[in-house]
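Worksheet for the structure shown next.
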Amino acid sequence: MKKIGFLSFGHWSPSPQSATRSAQDVLLQSIDLAVAAEELGADGAYFRVHHFAQQLASPFPLLAAVAARTSRIEIGTGVIDMRYENPFYMVEDAGSADLISEGRLQLGISRGSPEQVIEGWRHFGYGPAEGETDADLGRRHAEVFLHLLKGQGFARPNPNPMFPNPPGLLRLEPHSDGLRDRIWWGSASNATAIWAAQKGMNLQSSTLKADESGEPFHVQQARQIRAYRDAWTAAGHARTPRVSVSRSIFALTTDQDRAYFGRDDSSDQVGVIDNMRAVFGRSYAAEPERLIEQLRADEAIAEADTLLLTVPNQLGVAYNAHVIETILRHVAPALGWR
């Protein structure tokens, strides 16, 4: 395991039990948690994106703010739903955030998951072309985004511009060299993992996956990762790809940990999401020694190079920093981290 970061879904609720009771709370605490995670030695701060929900949405202002407050930690998303995105405007936003971070952006994108409203992307002005599905729409937007990130000129300049132009066709600005290699695809199936490899994207595999064999979640996910790497090799890409998996992991070291998670006797669950039979991975909560044994048996964690810890953001910055610290201090070294 080369890198360990956190993934926040950015929930807020007016409930008295929530430490994040407003969107402002979530945004400011997300920045503070990224700063704390960097100080603890974590490798990444990642944020989920949902629309029409009391969760984090437009990611780039947050990513830029985190970039301005940190200096080392990777900053990313897991994932941006490309059905909602204008790839041209997104290239400008992503380039700006990456330049502010000095090249630390790791941008997870995907076709997306079921949303809070019916066909929410239509409210953003997007819809599938004739014969397309909404999944096709997301992948089409992703392919345009990837092409634009190359930084090649494509727009014919005005012969009488307000400001002087460089010679030739113009590209979108600001352009950030290297960002194209730091785009990840959030995949829930073997087929889309293979597609991501063919397109030269890194792979994000989450806490759920299409149930394609009936085997335990971590076994299916490990097979997905191996299929992805085989497809990457077959495509002939020059660089080495990265693969992340996400897990809910809690080391029980205090009475507060045991009160929150001590009764979490979790196992894989099977359900239907977006008309797909899916297997949902278990959570892990145990004393550090037992936790190490459990995680060593997780085949997908062994296959991946990056582990993202899903954090309960509504419990506040201090507690989530504690969650991250206990994993880094008491568990991660035994898994080969650092």
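Considering only residues two or more places apart in sequence or on other chains, L56 meets the side chain to side chain contact (heavy atoms under 4.5 Å, CB included) condition with V26, L27, S30, F47, L62. When the salt bridge (Lys or Arg N to Asp or Glu O under 4.0 Å) test is applied to R69, the partners found at least two apart in sequence or on another chain are D32.
At a cut-off of 3.5 Å, with distance as the only test, a side-chain donor of T310 or S248 sits close to an acceptor on the other residue. Side-chain contact of Q224 with S205: a donor-acceptor pair under 3.5 Å is present, judged by distance alone. Between the side chains of D93 and S96, not a single donor N or O lies within less than 3.5 Å of an accepting N or O. Between the side chains of T133 and D136, a donor-acceptor pair is found at a separation under 3.5 Å. Side chains of T192 and S187: a donor-acceptor N/O pair is present below 3.5 angstrom, by distance only. With no hydrogens or angles considered, no side-chain donor-acceptor pair links T254 and Q256 at under 3.5 Å.
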H51 vs F124, ring pair (Phe, Tyr, Trp, His ring centres under 6.0 Å): CA-CA, chis, key distance, verdict: CA-CA 10 Å; H51 301 287; F124 281 52; 5.0 Å; yes
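The residues R290 and E293 are annotated as salt-bridged, a charged nitrogen and a carboxylate oxygen being separated by less than 4.0 angstrom. Looking at R83 and D134, a side-chain N of the basic residue comes within less than 4.0 Å of a carboxylate O on the acidic one, giving a salt bridge. Between R171 and E173, at least one side-chain nitrogen of the basic residue sits less than 4.0 Å from a carboxylate oxygen of the acidic one, meeting the salt-bridge criterion. Using a 4.0 Å cut-off between a side-chain N of Lys or Arg and a carboxylate O of Asp or Glu, R338 and D43 qualify as a salt bridge.
Using modelled atom types, one side-chain atom of D25 and one backbone atom of R21 make a donor-acceptor pair closer than 3.5 Å. Between the side chain of H218 and the backbone N or O of E299 there is at least one donor-acceptor pair closer than 3.5 Å. Judged by distance alone, the side chain of D268 and the main-chain N or O of G281 form no donor-acceptor pair under 3.5 Å. No side-chain donor-acceptor contact under 3.5 Å links D211 to the backbone of V279. Between the R72 side chain and the E38 main chain, a donor and an acceptor come within less than 3.5 Å of each other. Side chain of D257 to backbone of G262: no donor-acceptor contact under 3.5 angstrom is found. Here the side chain of R122 pairs no donor or acceptor atom with the backbone of G127 at under 3.5 angstrom. Judged by distance alone, with hydrogens and angles left aside, the side-chain atoms of Q204 form a donor-acceptor pair with the main-chain N or O of T77 at under 3.5 Å.
For the atom pair CG of L307 and CZ of R247, the computed distance is 7.5 Å after rounding to the nearest 0.5 Å. Annotation: the span from L7 atom CG to S206 atom OG amounts to 7.0 Å, rounded to 0.5 Å. The structure places CD1 of I100 at 9.5 Å from CD1 of I75, a figure rounded to the nearest 0.5 Å. The CZ atom of R48 sits 8.0 Å away from the CD atom of Q55 when rounded to the nearest 0.5 Å. Atom CE of residue M90 and atom CG of residue L172 lie 13.0 Å apart, to the nearest 0.5 angstrom.
Using a 4.5 Å heavy-atom cutoff, the side chains of K209 and N190 are in contact. When side chains are defined from C-beta on, W185 counts as touching I109, because their heavy atoms get closer than 4.5 Å. Side-chain contact between N313 and Q29 is absent, with no heavy-atom pair separated by less than 4.5 Å. Taking the side chain as every heavy atom from C-beta outward, R180 and L146 approach each other to under 4.5 Å. Counting heavy atoms from C-beta outward, K3 and D305 have side chains that stay 4.5 Å or more apart. At a threshold of 4.5 Å between non-hydrogen side-chain atoms, the residues E143 and M82 do not count as touching.
The stretch residues 291-338 participates, sequence neighbours left out, in these ring pair (Phe, Tyr, Trp, His ring centres under 6.0 Å) pairs: Y260-Y319, Y319-H322.
The aromatic rings of W232 and Y228 sit tilted, their planes meeting at an angle between 30° and 60°. Aromatic ring orientation, Y84 versus F52: tilted (interplanar angle from 30° to 60°).
Within a 6.0 Å sphere centred on CZ of R239, heavy atoms belonging to other residues, nucleotides or ligands number more than 12.
In summary, of the residues considered (Q220, Q221, R223), a side chain to side chain donor-acceptor pair (under 3.5 Å) with E215 occurs for R223 alone.
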